[in-house]
Amino acid sequence: MITIALSKGRIFDETVPLLKAAGIVTRENPETSRKLILETNRRNVRVIIVRATDVPTYVQFGGADIGVAGKDVLDEHGGDGLYTPLDLKIAKCRMMVAVRKDFDYASAVRQGARLKIATKYVQTAREHFANKGVHVDLIKLYGSMELAPLVGLADAIVDLVSTGSTLKANGLVAVEEIVRISSRLVVNQAALKLKRAQLQPLIDTFTRAVG
Ligand code: PRT
Ligand code: MG
C-alpha cells in the first residue's frame, strides 16, 4: 500500500492532474467528503487529507510514504527524514516582507531600528533578518498576519503573497521578497528503500508530468 498525504484546497486541486498522469484518481473529493482517507481507483494507493503544515510530519514518521508540501512549510519543518526529489511547480507564490503603506521600511532598516515582525514563518523570518543584519523581535501568529501592523502589534509581517489582493485590501505593501515558493514532492526516506518498486515509477511519472 502507498499512502499519499495531501492538504485540501490548492494543493489537492493542483496535484489531481499529476495523479491522473500516473493513472491515480481519488474516489471522493475532499471538499465535499468528510473522509480523511480517500480510496483511489488503484487498490494499493490511498490519499490522506491533512493540514498543509502537517504533511511533512506525516511523511517523516511514515504515516504517509509520499506527500506534497509548500517550500514554506518544508523550510519551517526542517526536512528531517525527508527526501525532496522534485519541484512540482504548483501552488506558486512568494514569501514577502510587508508593511503599512505609511511605514518607511527602508529608512527603519538603514537606521538600525529594532523591528517587530509578526509571522507564521518564524524560522524563515529569523534567518532572513539575521542574514540582513537586522535586529527583530518575532511574534508568532497562526493566521490573519495582515492585521498585526494595522493594530500596532508589529511593524512588519512575513507572509505569502500570490495576487497581492489581501495586502492591498488591508492597506499593506510588500517591500522585500524573501524567497519564491512552490510545492515539492516529499518522500519518506525509509519507504523509498522498502517500497522503491512502487514509489520510483510514481516519482518518475510526476517528473515527466512536471516537464
Ligand atoms: O489555510 P490553512 O490554515 O488550512 O493552511 P495553509 O494556509 O497552510 O494551507 P493552504 O492550502 O492555504 O496553503 C497551502 C500551500 O499553498 C502553502 O503552504 C503555500 O506553499 C501555497 N500557497 C500559494 C499559498 C498561497 N499561494 C497564498 N496566497 N498559501 C497561502 N496563501 C495565502 C497567504 O498566506 C495570504 O493570506 O493567501 C493570502 C494571500 O493571497 P493573495 O492572492 O491575496 O496575495
Ligand atoms: Mg490558507
Side-chain angles (χ1 to χ4, degrees), residues 1-93 95 119-124 140-144 159-160 162 179 181-211:
M1 175 68 81
I2 294 291
T3 303
I4 305 172
L6 299 176
S7 53
K8 60 180 179 181
R10 66 191 111 218
I11 290 199
F12 182 85
D13 297 345
E14 296 186 38
T15 303
V16 161
L18 297 171
L19 291 175
K20 207 163 179 192
I24 298 166
V25 180
T26 60
R27 294 207 182 283
E28 276 169 296
N29 180 335
E31 297 305 332
T32 51
S33 166
R34 286 177 181 278
K35 282 192 185 161
L36 299 175
I37 300 180
L38 307 180
E39 287 177 13
T40 72
N41 59 324
R42 299 248 302 258
R43 213 168 31 82
N44 57 345
V45 180
R46 61 181 181 177
V47 170
I48 62 169
I49 300 297
V50 303
R51 285 296 289 266
T53 40
D54 292 334
V55 167
T57 308
Y58 273 87
V59 176
Q60 174 185 10
F61 295 111
D65 302 299
I66 194 166
V68 176
K71 185 181 185 326
D72 50 316
V73 164
L74 283 169
D75 287 348
E76 292 298 308
H77 172 271
D80 253 20
L82 300 177
Y83 171 57
T84 52
L86 185 60
D87 182 350
L88 297 169
K89 299 178 183 163
I90 61 170
K92 286 185 185 173
C93 55
M95 184 75 74
T119 188
K120 190 160 126 181
Y121 308 98
V122 173
Q123 303 300 341
T124 303
K140 167 87 184 184
L141 292 179
Y142 292 87
S144 303
D159 195 9
L160 300 174
S162 46
V179 63
I181 301 288
S182 56
S183 288
R184 312 300 160 105
L185 194 66
V186 294
V187 185
N188 175 283
Q189 282 174 353
L192 186 60
K193 294 199 186 98
L194 296 168
K195 302 185 186 177
R196 189 181 279 276
Q198 288 160 279
L199 284 174
Q200 195 61 53
L202 201 54
I203 297 169
D204 292 343
T205 306
F206 287 156
T207 306
R208 281 192 301 273
V210 169

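The model shown is predicted, which means the values in this text are computed figures rather than measured ones. Residue numbers count from 1 along this sequence.
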Does the E14 side chain pair with the main chain of A91, one donor and one acceptor, at a distance under 3.5 Å? yes
Applying side-chain contact (heavy atoms from CB on, under 4.5 Å), run through D72 and T124 and close with a yes or a no. CA-CA 8 Å; D72 50 316; T124 303; over 6 Å; no
Look at atom CZ of R51 and say whether more than 12 heavy atoms of other residues, nucleotides or ligands are closer to it than 6.0 Å. no
Working to the nearest 0.5 Å, report the span between NZ of K8 and CG of D13. 11.0 Å
Given 3.5 Å as the limit, does a donor-acceptor pair link the side chain of N188 with the main chain of A64, or not? no
As a quick check of understanding, evaluate side-chain contact (heavy atoms from CB on, under 4.5 Å) for Y83 and L185, giving each step before the final call. CA-CA 8 Å; Y83 171 57; L185 194 66; over 6 Å; no
Nearest 0.5 Å, what's the CD-CE distance between Q198 and M1? 9.5 Å
Gap separating the OG1 atom of T3 from the CG atom of L38, nearest 0.5 angstrom: 11.5 Å
Side chain to side chain, D87 and K89, heavy atoms closer than 4.5 Å: yes
Just checking E39: does its CD atom have more than 12 heavy atoms from other residues, nucleotides or ligands closer to it than 6.0 angstrom? no
Any non-hydrogen side-chain atom of V55 less than 4.5 Å from a side-chain atom of V73? no
Flag yes if more than 12 heavy atoms outside K193 fall under 6.0 Å of its NZ atom; otherwise flag no. no
To the nearest 0.5 angstrom, please state how far the NE2 atom of H77 sits from the CG atom of D54. 9.5 Å
The test is side-chain contact (heavy atoms from CB on, under 4.5 Å); show your working for L192 and I203 and say whether it passes. CA-CA 10 Å; L192 186 60; I203 297 169; 3.9 Å; yes
Gap separating the OH atom of Y121 from the CD1 atom of I181, nearest 0.5 angstrom: 8.0 Å
Report the residue from L6, L19, V59, V186 that forms a side-chain contact (heavy atoms from CB on, under 4.5 Å) with V68. L6
T40 vs V47, test: side-chain contact (heavy atoms from CB on, under 4.5 Å). Steps then yes/no. CA-CA 7 Å; T40 72; V47 170; 4.1 Å; yes
Residue F206 excluded, over 12 heavy atoms near CZ under 6.0 Å: yes
If I compare all heavy atoms of I11 with all of G70, which pair ends up nearest, and what's the gap? CD1-N, 4.1 Å
Closer than 3.5 angstrom, by distance alone: can the side chain of E31 be matched with the main-chain N or O of G9 as a donor-acceptor pair? yes
For the NZ atom on K195, are there more than 12 heavy atoms of other groups (residues, nucleotides or ligands in this structure) within a distance under 6.0 Å? yes
Output for pair (I2 CD1, N44 CG), nearest 0.5 Å, gives 7.5 Å
For residues L82 and L74, determine if any side-chain heavy atom of one lies less than 4.5 Å from a side-chain heavy atom of the other. yes
Side chains of L141 and K120, heavy atoms from C-beta outward: is any pair under 4.5 Å? no
Work out which heavy atom in N41 is nearest to a heavy atom in G23; give both atom names and the distance. ND2-O, 2.9 Å
Are side-chain heavy atoms of I24 and L202 found at a separation under 4.5 Å? yes
Salt-bridge criterion met for K71 and D75 (N-O under 4.0 Å): yes
